Q: 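Dropping a structure here in structure tokens format, bear with me for questions.
Since this is a predicted model, take the numbers as computed values, not measurements. Quick note: numbers below take in every heavy atom, side chains included, and nothing from hydrogens, waters or symmetry partners.
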Amino acid sequence: MNSLLIVTGASAGIGAATARMAAFSGWQRIVVHYGQDKAGAETTASMVESMGAQAYLLQADVSKPKAIEKMFAKLQELKPGPVGLVNNAGIVSPQGTIADLTPERVQKVFAVNVFGAIEVARQTVGLIRAWGHGGGIVNISSAAARLGSANQYIDYAATKGAIDTFTLGLADELAPEGIRVNAIRPGLIETAIHAKGGQPDRLEKLGRTPPMRRPGTSEEVAEAVLWLLSERSSYVTRTILDVAGGR
């Protein structure tokens with residue numbers, strides 16, 4: 001079957017690793033979505049195609065519902081098949097305390113991490129139903145949802161708490177249709193998100209604090225994501241899996 005995997009935020013980090021590894025896991029067509037980093041997305045797409053899968057490079061600002069709608073209109077034109085979604089696109093604001101959580105900042109983070117993620121999931125469910133070949137969803141949360149990220153980015157942590165709850169409810173709603181919905185909570189992972197949050201040395205300071213005494217890699221998270229989307233996890237839904245080294 002001509003399966004289609006949609007990976008949002010696939011220009012770097014966990015999204016890029018998942019898209020790259022998906023070809024090895026049997027996905028024939030991979031949507032490499034990006035928001036701003038076109039060069040990074042092009043690199044991911046090239047690597048996907050070098051591994052024998054077909055890559056579709058698509059740009060959309062997921063904070064804008066119309067942009068998401070346009071992206072899925074393009075996908076509707078493709079040949080039907082099973083659909084997977086890695087709901088990964090997300091942002092983090094610079095490190096700060098409650099005094100820094102202005103309405104503008106919080107709105108920006110929630111627009112991408114929550115409102116955008118929900119709309120991407122909604123559009124994906126519509127595509128799965130229209131094509132009639134089944135599918136599954138993995139939302140990318142964060143260990144921050146459990147930890148709270150005090151004095152760092154409580155707003156980001158709050159968005160991931162929302163994603164956890166959304167995952168549970170959507171899984172219950174879609175289980176009768178055979179659509180499985182799960183989430184991954186990565187811990188301290190070697191990605192550029194720390195620098196984007198104004199803490200390029202965060203892993204140097206905290207990387208050995210998990211019980212496993214090291215940070216994780218994007219590839220380790222991607223392995224878990226792809227397992228949850230595979231038939232090897234066919235009886236797993238409504239599950240939030242920590243990939244956090246015991247943290």
Q: List in chain and number order the residues that pass side chain to side chain donor-acceptor pair (under 3.5 Å) with Thr124, two or more places apart in sequence or in another chain; answer none if no residue qualifies.
A: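 Testing Thr124 for side chain to side chain donor-acceptor pair (under 3.5 Å), a comparison that skips the adjacent residues, returns none.
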Q: May I ask you to check whether Asn88 and Thr8 show a side-chain donor-acceptor distance below 3.5 Å?
A: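 No, because no side-chain N or O of Asn88 sits under 3.5 Å from a partner of the opposite role on Thr8.
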Q: Could you work out, with side-chain contact (heavy atoms from CB on, under 4.5 Å) as the rule, every residue matching Ala144, not counting sequence neighbours?
A: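 Expected list: Ser142, Ser149, Tyr156, Ala157.
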Q: Below 3.5 Å, can you tabulate the donor-acceptor pairs from side chains in residues 10-18 to any protein atom, sequence neighbours excluded?
A:
unit_1 : atom_1 : unit_2 : atom_2 : d
Thr18  : OG1    : Ile14  : O      : 2.8

Q: Applying salt bridge (Lys or Arg N to Asp or Glu O under 4.0 Å), which residue pairs with at least one partner in residues 158-175 are found, sequence neighbours left out?
A: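 Residue pairs passing salt bridge (Lys or Arg N to Asp or Glu O under 4.0 Å), neighbours aside: Asp164-Arg185, Asp172-Arg238.
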Q: Hey, are Tyr34 and Gln36 close enough side-chain-wise for a donor-acceptor pair under 3.5 Å?
A: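 There is no such pair (donor and acceptor under 3.5 Å, judged by atom type) between the side chains of Gln36 and Tyr34.
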Q: Which residues pass the side chain to side chain donor-acceptor pair (under 3.5 Å) test with Ser25, sequence neighbours left out?
A: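 If we apply the side chain to side chain donor-acceptor pair (under 3.5 Å) test to Ser25, skipping adjacent residues, there are no hits.
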Q: Applying salt bridge (Lys or Arg N to Asp or Glu O under 4.0 Å), name anything that partners Glu220, two or more places apart in sequence or on another chain.
A: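 Glu220: salt bridge (Lys or Arg N to Asp or Glu O under 4.0 Å) contacts with Arg214.
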Q: Would you mind listing every salt bridge (Lys or Arg N to Asp or Glu O under 4.0 Å) that reaches into residues 92-116, with sequence neighbours excluded?
A: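 Output for this query lists Arg105-Asp155.
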Q: Pairs in or reaching into residues 138-149: which pass salt bridge (Lys or Arg N to Asp or Glu O under 4.0 Å), with residues at least two apart or in two chains?
A: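 Sorted result for residues 138-149: Arg146-Asp242.
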Q: Could you note down all residue pairs passing salt bridge (Lys or Arg N to Asp or Glu O under 4.0 Å) where residues 19-28 supplies at least one of them, sequence neighbours left out?
A: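 Every pair satisfying salt bridge (Lys or Arg N to Asp or Glu O under 4.0 Å) with a residue in residues 19-28: Arg20-Glu219.
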Q: Not counting sequence neighbours, which residues clear side chain to side chain donor-acceptor pair (under 3.5 Å) with Asn182? List them please.
A: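 None.
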Q: Only distances under 3.5 Å count here; give the side-chain donor-acceptor pairs of residues 69-77 to other protein atoms, sequence neighbours excluded, each with its distance to 0.1 Å.
A:
none

Q: Side chains of Arg180 and Ser234: donor-acceptor distance under 3.5 Å anywhere?
A: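 Per modelled atom types, Arg180 and Ser234 side chains form no pair under 3.5 Å.
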Q: Mind checking what makes side chain to side chain donor-acceptor pair (under 3.5 Å) contact with Glu177, not counting sequence neighbours?
A: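 Partners of Glu177 under the side chain to side chain donor-acceptor pair (under 3.5 Å) test: Arg129.
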Q: Test Val138 against every option in Thr239, Val7, Leu228 by the side-chain contact (heavy atoms from CB on, under 4.5 Å) rule and name the one that passes.
A: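 Filter result, single survivor: Leu228.
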